[in-house]
Protein chains: 2
Amino acid sequence: MTGQVRTVDGRVAGRRGQATRQKLLDCLSEMLSTSPYRDVKVIDVARMAGTSPATFYQYFPDVEGAVLELADEMAKEGAGLTELVAGRSWVGKSGAAAADELVDGFLSFWRKNDAILRVIDLGAAEGDKRFSRIRTKILTAVTGSLTESIKELQGKGRVDKDVSAPAIAGSLVTMLAGVAAHQKGFTGSGVKQADLKPNLALLVHLGVTGKKPPK
Amino acid sequence: MTGQVRTVDGRVAGRRGQATRQKLLDCLSEMLSTSPYRDVKVIDVARMAGTSPATFYQYFPDVEGAVLELADEMAKEGAGLTELVAGRSWVGKSGAAAADELVDGFLSFWRKNDAILRVIDLGAAEGDKRFSRIRTKILTAVTGSLTESIKELQGKGRVDKDVSAPAIAGSLVTMLAGVAAHQKGFTGSGVKQADLKPNLALLVHLGVTGKKPPK
DNA sequence: CGGTAAACTGACGGCATGACAGGACAAGTT
DNA sequence: AACTTGTCCTGTCATGCCGTCAGTTTACCG
């Protein structure tokens, strides 16, 4: 599928080359989680990796390009999020459990990768197609499965036919992403940390099934 | 309340000074909506305003500082969002209408100011307290009122006591903000534009009242 | 008209960017 | 071991933006 790793000027990268490339990506990743995106400079990343800016530009066209690589790596890992939803029953008590675990899994994934994810979010919001595509790819892992679940419930007559399954699924996932990204903002305005997850799960359950979960 | 407008070196700004200051802010605002945040340079803003970079630095410490000013302007305007919720009844048909209008008003506010809002979002997500505070200030206009509405319903026994009103309100508003910011991402993945608002309104209604709106 | 404070600018050292050519290195060949 | 080959890295350079200062122009007031 993906061809070999290549440098900007078209050479194929060997073992050593791939190692430095990866090191640069790692350092960029750390940089992103410690400094504002706007202040991340090529020279700092290169210094941290014990190399020179020129080396950086051999493997990536610019900072954005490198971020997209990081995002791609993460998107692959994010494909596993599908399992949080696929094949789950949303009826009765197992429905409540499904909501709980979806919220939990999603939040921890987001938190683990928050630095890159917020850059992707920004790029996508700015209308950059490359970022939008990756963002969709990551979220589709969840929204897709969730859409299926809702459609299934509609098929059984448990959910109104006139709701749009993809719209609901997308909105709920966006909510989870937003809350994960601004978690600090919540605790700062009168929401107890412990209250967050159960109430999110409640909202997810309500959205998917249209009903409150059983006690 | 707010003292006079001051330059970085402490002078008070006169008529002419305030005019150029405002012009710089306007140009910055336009710049933000046409270029990626990372590429917005002081020199471009200054050029667009027909002045020099040095002038920019007389009124703002850096680009971030100027963005915070823009955000402050917008926060004042955003205070009007309270009226989308305050004093509304969430019972019966008027509940459905309240949800509709909240979604509508919120989305159009967000869309009108999306350039600055996504920068604020980024700053807040990166943990910058100044951005977090402004973001909270804007959102509080809605979450606060919404929290009150939910608490009121809880008082009347129409909503379970064990849900956290602020957590629900915050999550719903975050959902609205997220959807507004990534609206294009939705339509790009199988959600019809026209389906979005009604389904969001449904989710809001469900979240606030715990019940589906009447037909 | 003269004085004072405000408003602006030119110019400068410093740093990031992005390109190139050439040197260092690993691995295999003779 | 010396040589060869292709990969990998860096020194260096031109360019352009950043952020600051000293100094000039403009507006206001007695």
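What you see is a predicted model; the values in this text were computed from it and never measured. Proteins get letters first, then strands, A, B, ... in listed order; numbering begins at 1 in each.
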Compare side-chain N and O positions of [X] against OP1 and OP2 of [N] and report whether any pair is under 4.0 Å apart.
X: A:S52; N: D:dG11; result: no
X: A:Y59; N: D:dC9; result: yes
X: B:Y57; N: D:dT20; result: no
X: B:T55; N: C:dA7; result: no
X: B:T51; N: C:dT9; result: yes

Between [options], spot the one nearest the side chain of [X], thanks.
X: B:A54; options: D:dT10, C:dA16, D:dC21; answer: D:dC21
X: B:K41; options: D:dC9, C:dA16, D:dC18; answer: D:dC18
X: A:D62; options: D:dT10, C:dC8, C:dG18; answer: C:dG18

Please report, rounded to the nearest Å, how far the [atom2] atom of [N] is from the [atom1] atom of [X].
X: B:R21; N: C:dA6; atom1: CZ; atom2: P; result: 16 Å
X: A:K23; N: D:dC8; atom1: NZ; atom2: C1'; result: 14 Å
X: B:D44; N: D:dC17; atom1: CG; atom2: P; result: 7 Å
X: A:Q18; N: D:dG6; atom1: CD; atom2: P; result: 19 Å
X: A:D39; N: D:dC18; atom1: CG; atom2: P; result: 12 Å
X: B:F60; N: D:dC18; atom1: CZ; atom2: C1'; result: 17 Å
X: A:M48; N: C:dA16; atom1: CE; atom2: P; result: 14 Å
X: A:Q22; N: D:dC9; atom1: CD; atom2: P; result: 13 Å

Q. Do A:E69 and A:Q22 meet the criterion of a side-chain donor-acceptor pair at a distance under 3.5 Å?
A. no
Q. Which residue pairs pass the salt bridge (charged side-chain N to carboxylate O under 4.0 Å, His left out) test with at least one member in residues 176-198 of chain A, sequence neighbours excluded?
A.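 Residue pairs with at least one partner in residues 176-198 of chain A: A:D104-A:K197.
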Q) Between A:R38 and A:Q58, which has a closest nucleotide on DNA chain D that is more 5'? A)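 Nearest-nucleotide comparison on DNA chain D picks A:Q58.
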Q. Among all residues two or more places apart in sequence or in another chain, which pass the salt bridge (Lys or Arg N to Asp or Glu O under 4.0 Å) test with B:D162?
A.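 Partners of B:D162 under the salt bridge (Lys or Arg N to Asp or Glu O under 4.0 Å) test: A:K215.
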Q: Using the closest heavy atom to pick a nucleotide of DNA chain C for each, name whichever of A:P53 or B:P53 lands nearer the 5' end.
A: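 Mapping each residue to its closest nucleotide by heavy atoms, the 5'-most match is B:P53.
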Q: Classify the angle between the aromatic ring planes of B:F60 and B:F56 as parallel (below 30°), tilted (30 to 60°) or perpendicular (above 60°).
A: tilted
(Q) Closer than 4.0 angstrom, basic N to acidic O: yes or no for A:R38 and B:E64? (A) no
